[in-house]
Amino acid sequence: AASGQPYRTAFHFQPPQNWMNDPNGQMWYNGVYHFFYQHNPFGPFFNIRMHWGHSVSQDLINWIHLDSAFTPIDPFDINGCWSGSATILPGNKPIMLYTGIDSENRQVQNLAVPKDLSDPYLKEWVKHGGNPVINLPEGIQPDDFRDPTTTWLQEDGKWRLLVGSQKDKTGIAFLYHSDDLVNWSKHDSPLHQVPGTGIWECPDFFPVWVDSMNGVDTSVMNPSNELKHVLKVGLQDQFKDYYVIGNYSPEKEHYVPEDELTLSSLRRDYGRYYASKSFFDPVKKRRIIMGWVHETDSEADAIAKGWAGVQSFPRSIWLDKNQKQLLQWPIEEIEMLHENKVSFQNKKLEGGSLHEIQGITASQADVKISFKLSNLEEVEELDPSWDDPQLICTESDASKKGKFGPFGLLALASNDLTEQTAIFFRVFQKNGRYVVVMCSDQSRSSTKNGIDKTSYGAFVDIDPQQDEILLRTLIDHSIVESFGGGGKTCITARVYPTLAIGGDARLFAFNHGTESVVISELSAWSLKKARFNKEKPSGVEI
Ligand code: DQQ
């Protein structure tokens, strides 16, 4: 981190400066990954007149920043180029659909295509002359209609897409059909809707294999029930992404989730994370998602920093073997940045002890740790009224001694531990079953005031008698992104240490429970800095 900029990230995507929110239009095309994002190029704060920032990469690690792909200058988007998605058409032709806020402040959906398919970076985009291609439906408020998904093609030759909306607080994913991607008609019934959830932002709808970690392209059919479909929506009122897993039949245009979408539905991340979007990577046959990690400091802080907003590290995403939830894992390319590996095995962490993980750069690291528990008969009963894991983590922070837990990592810790971001587990029993809670406690993350230091928490669906409790944490100066239970539960925290910065940050494994736990294995690496370069006008990388 440059002096005066201790919170710039080393390997999490950021634009050179100013505001960034949602990931948009990710795709792989002819050897290049494209990442677009909601961007205000004029300051480190949100402004409705959004542009589409654009960066390209060959490995999803090192990025080249290009000029904005879309600017709000046409009647159909003059008040903002909002979120949208890419589709690669048969014949290898990319298109983009995005929301424009038109000259009358209505949200409409627009189409754009690359100007020159032989430009490897697809720098210039041409907005379709007939925009908008989808107008505001009747009976919908002008600011309640946005964020088109990737389109998918089915056997009847028709393209489909979803647009997020609401009517009288019922969250809606409108379904549209088209033969030519230009003329769209709204299907009679939405793909899905749930009363009381408010507007659905940035819907993401995609198939997953029932028995493979591979990803699958959005248009793939489901002849022998080898696929399920995931619908993820962002609830603006909650500022949280939720998803359901279900069965989709394009013939009947019917989507039936296996569980209802509610405020206790599954989430891709239980921390600071929103507006996530996935895409299919044909090179490695995987589905990758990124999500917007918003600041938790103030607007004055943003102005002092000159920037606001980070993206989560790209994750592979697939269906768990139990078919009940998604699993996520940092993409393997992170290994390009690994250096200074330290590791050990079978180390007992007595109750009330700390073990420093030395030999790596603790402010820029990748840590994998697994805990083995025994004597689980001794586990505490979970208070039956404690059904909200976030509340458990808030009421029992990292300093509160339990029996099994808290144990985990103290990341971005200062010398005297006044600053620390604790990621930890507690194990309980309830009705004869074990319950594992994962927490990320930001309450001591910074000595600074005026920061939202909310603690996050979620259950991890594992049986600690059978399985070790795995934790992987990516630490990057001001972001701590954690994967519990091998990717079953993800929690991202945004933190601003004042002491635990750069070379002064330390990393510990800790056990603050009364029972000992065994670290069956630890591996940790320093991470090199990824390259983020601006393209020179000549087209040569600086
Ligand atoms: N952000 C965009 C909208 C979207 C929201 C505007 C979600 O298109 O609904 O920047 O964060």
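Keep in mind it's a predicted model, so treat the numbers as computed, not measured. In listed order, ligands and their atoms are each counted from 1.
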Chi angles and distances behind the salt bridge (Lys or Arg N to Asp or Glu O under 4.0 Å) call for Asp461, Lys324: CA-CA 10 Å; Asp461 182 18; Lys324 294 269 176 245; over 6 Å; no
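- In summary, the atoms of ligand 1 found under 4.0 Å from a heavy atom of Tyr274, numbered by their order in the structure, are 7 (C), 11 (O).
- In Thr99, neither the side chain nor the backbone holds a heavy atom less than 4.0 Å from any atom of ligand 1.
- Between Trp292 and ligand 1, no pair of N/O atoms sits closer than 3.5 Å.
- With a 6.0 Å radius and a threshold of 12 heavy atoms from other residues, nucleotides or ligands, Asp67 has its CG atom at or below the threshold.
- Taking distance alone, with nitrogen or oxygen atoms compared against 3.5 Å, Asp147 approaches ligand 1 more closely than that limit.
- Listed by atom number, the atoms of ligand 1 under 4.0 Å from Asp22 heavy atoms are 1 (N), 2 (C), 3 (C), 4 (C), 5 (C), 7 (C), 11 (O).
- Geometrically, Arg286 does not engage Trp318 in a cation-pi contact, judged by NZ or CZ lying under 6.0 Å from the ring centre and within 45° of the ring axis.
- For ligand 1, the polar-atom distance check finds an N/O of Arg146 within less than 3.5 Å of one of the ligand's N/O atoms.
- The cationic group of Arg472 lies under 6.0 Å from the six-membered ring centre of Trp329 and within 45° of the ring axis, placing it in a cation-pi geometry.
- Looking only at atom types and distance, the side chain of Tyr98 has a donor-acceptor partner in the side chain of Asp77 under 3.5 Å away.
- For Lys277 and Ser85, the side-chain atoms include at least one donor-acceptor pair closer than 3.5 Å.
- Shown in contact with Gln38 at under 4.0 Å from a heavy atom are these atoms of ligand 1, numbered in order with element: 2 (C), 6 (C), 10 (O).
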